[in-house]
Amino acid sequence: MSALSPETIRIAIPSYDRRVSPRFDQAREFHIADIDLRHRQCRELSALVCPQPPYTIGDWLSELGTHGVICSGIHQHHQHQLLQLGIWLIWGISGEIDSILDHWLQSDELQSLINELPKEKTLVCQAH
């Protein structure tokens, strides 16, 4: 996986067969997407196998540098764990990973993240 810039976020989608897994806690594979916020595009998408217990999914996603999770069903316990780790969550989503990402890249949720980006700054030199 590539290094992230300040304008790039990493999202995780629990998956099976290139579809969103119906249960977050039973997923054994996650698609990890590095999203370029300025250009609204997926820079990299890879499938990773989730480690087995005693490792928790939330800790693993946090170590990967995950900013957010898009999933279908998720138990309240996992919702709280992700939020405590600073990982945002969009749940109740189903379908094929590529379609989900395409839809999300045009969504208001993504626009909110873009609005939080620091504005580009221009330096002006002034003579003393």
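Only heavy atoms go into these numbers, but all of them, side chains included; no hydrogens, no water, no symmetry mates.
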J.: Treating Gln79 as the side-chain partner and Ile74 as the backbone partner, does any N or O pair qualify as donor plus acceptor under 3.5 Å?
T.: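 Flag set: sc Gln79 to bb Ile74 pair under 3.5 Å.
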
J.: Do Trp88 and Leu82 have side chains that approach each other closer than 4.5 Å (heavy atoms only, starting at C-beta)?
T.: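 A side-chain contact is absent here, since even the closest heavy-atom pair is not under 4.5 Å.
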
J.: To the closest 0.5 Å, what do you measure between CD1 (Ile90) and CD1 (Ile11)?
T.: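 Here the interatomic distance stands at 7.5 Å.
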
J.: Hey, is the main chain of Trp104 close enough, under 3.5 Å, to the side chain of Ser107 for a donor-acceptor pair?
T.: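 Checking the backbone N and O of Trp104 against the side chain of Ser107, a donor-acceptor pair under 3.5 Å is found.
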
J.: Can you tell me how far NE2 of His67 sits from CG of Leu37, rounded to the nearest 0.5 angstrom?
T.: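 If I round to the nearest 0.5 Å, the distance is 8.5 Å.
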
J.: Is a donor on one side and an acceptor on the other found under 3.5 Å between the side chain of Asp17 and the backbone of Arg19?
T.: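 The answer is no, because no donor-acceptor pair under 3.5 Å joins these two groups.
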
J.: Are Ile93 and Ile9 grouped together when hydrophobic residues (ILVMFWY) are joined by side-chain heavy atoms under 4.5 angstrom apart?
T.: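 As far as the 4.5 Å side-chain criterion goes, Ile9 and Ile93 are connected within one cluster.
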
J.: Sub-3.5 Å donor-acceptor pair from the side chain of Ser21 to the main-chain atoms of Ser15, do we have one?
T.: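 No; zero donor-acceptor contacts below 3.5 Å.
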
J.: Mind checking whether Cys42 and Asp34 have side chains closer than 4.5 Å, heavy atoms only?
T.: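 Sidechains of Asp34 and Cys42: no contact.
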
J.: Is the number of heavy atoms from other residues, nucleotides or ligands within 6.0 Å of CD (Gln106) greater than 12?
T.: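 Counting neighbours around CD of Gln106, more than 12 heavy atoms of other residues, nucleotides or ligands fall under 6.0 Å, so yes.
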
J.: Against Leu45, only a single residue in Ile35, Asp98, Ile32 fulfils side-chain contact (heavy atoms from CB on, under 4.5 Å); can you say which?
T.: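 Output: one option passes, namely Asp98.
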
J.: Nearest heavy-atom pair of Ser94 and Ile100: which atoms, and what distance?
T.: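 Smallest interatomic distance, heavy atoms only, reads O-CD1, 3.1 Å.
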
J.: Looking at side-chain heavy atoms only, is the closest gap between Phe30 and Val49 below 4.5 Å?
T.: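 Answer no - side chains too far apart.
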
J.: Do Ile13 and Leu101 have side chains that approach each other closer than 4.5 Å (heavy atoms only, starting at C-beta)?
T.: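 Yes. Closest side-chain heavy atoms under 4.5 Å.
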
J.: Kindly compute the distance separating SG (Cys71) from CD1 (Ile57), expressed to the nearest 0.5 Å.
T.: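 These two atoms lie 10.0 Å from each other.
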
J.: Are side-chain N/O atoms of Tyr55 and Glu63 paired as donor and acceptor at under 3.5 Å?
T.: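 Yes, side-chain donor-acceptor contact under 3.5 Å.
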
J.: Report yes if the distance between the aromatic ring centroids of Phe24 and Trp91 is under 6.0 Å, otherwise no.
T.: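 Phe24 vs Trp91: aromatic centres not under 6.0 Å.
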
J.: Would a hydrophobic clustering, with Ile, Leu, Val, Met, Phe, Trp and Tyr connected at side-chain separations under 4.5 Å, put Ile97 with Tyr16?
T.: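 They do not share one cluster, since no chain of ILVMFWY contacts under 4.5 Å joins Ile97 to Tyr16.
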
J.: Could you report the tightest heavy-atom contact between Asp36 and Arg38, atom names first, then the distance?
T.: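 Of all heavy-atom pairs spanning Asp36 and Arg38, the closest is OD1-N, 3.1 Å.
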
J.: Compute whether any side-chain donor of one residue and acceptor of the other, for His31 and Arg18, lie under 3.5 angstrom apart.
T.: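 Looking only at side-chain atoms, Arg18 and His31 do form a donor-acceptor pair, the distance falling under 3.5 Å.
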
J.: Got Val20 and Ile70 here, is their nearest side-chain heavy-atom distance under 4.5 Å?
T.: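 SC-SC contact between Val20 and Ile70 ruled out.
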
J.: With rounding to the nearest 0.5 Å, note down the distance linking CD in Gln81 to NE2 in His75.
T.: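 Those atoms lie 12.5 Å apart.
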
J.: Within a strict 4.5 Å, meaning less than it, do heavy atoms of the Ile87 and Leu61 side chains meet?
T.: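 Yes; the side chains approach each other to less than 4.5 Å.
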
J.: CG/Leu85 to OG1/Thr56 distance, rounded to the nearest 0.5 angstrom?
T.: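 If I round to the nearest 0.5 Å, the distance is 7.0 Å.
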
J.: Which atoms form the tightest heavy-atom contact between Arg40 and Leu105, and what is the distance?
T.: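 It is NH1-O, 2.6 Å.
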
J.: Do Arg43 and Thr8 have side-chain N/O donor and acceptor atoms under 3.5 Å apart?
T.: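 There is such a pair between these side chains.
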
J.: Can you find a heavy atom in the side chain of His39 that is under 4.5 Å from one in the side chain of Glu7?
T.: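 They are not in side-chain contact.
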
J.: Would you say the side-chain atoms of Arg10 pair up with the backbone N or O of Leu64, donor to acceptor, closer than 3.5 Å?
T.: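 Pair found, side chain donor or acceptor close to backbone of Leu64.
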
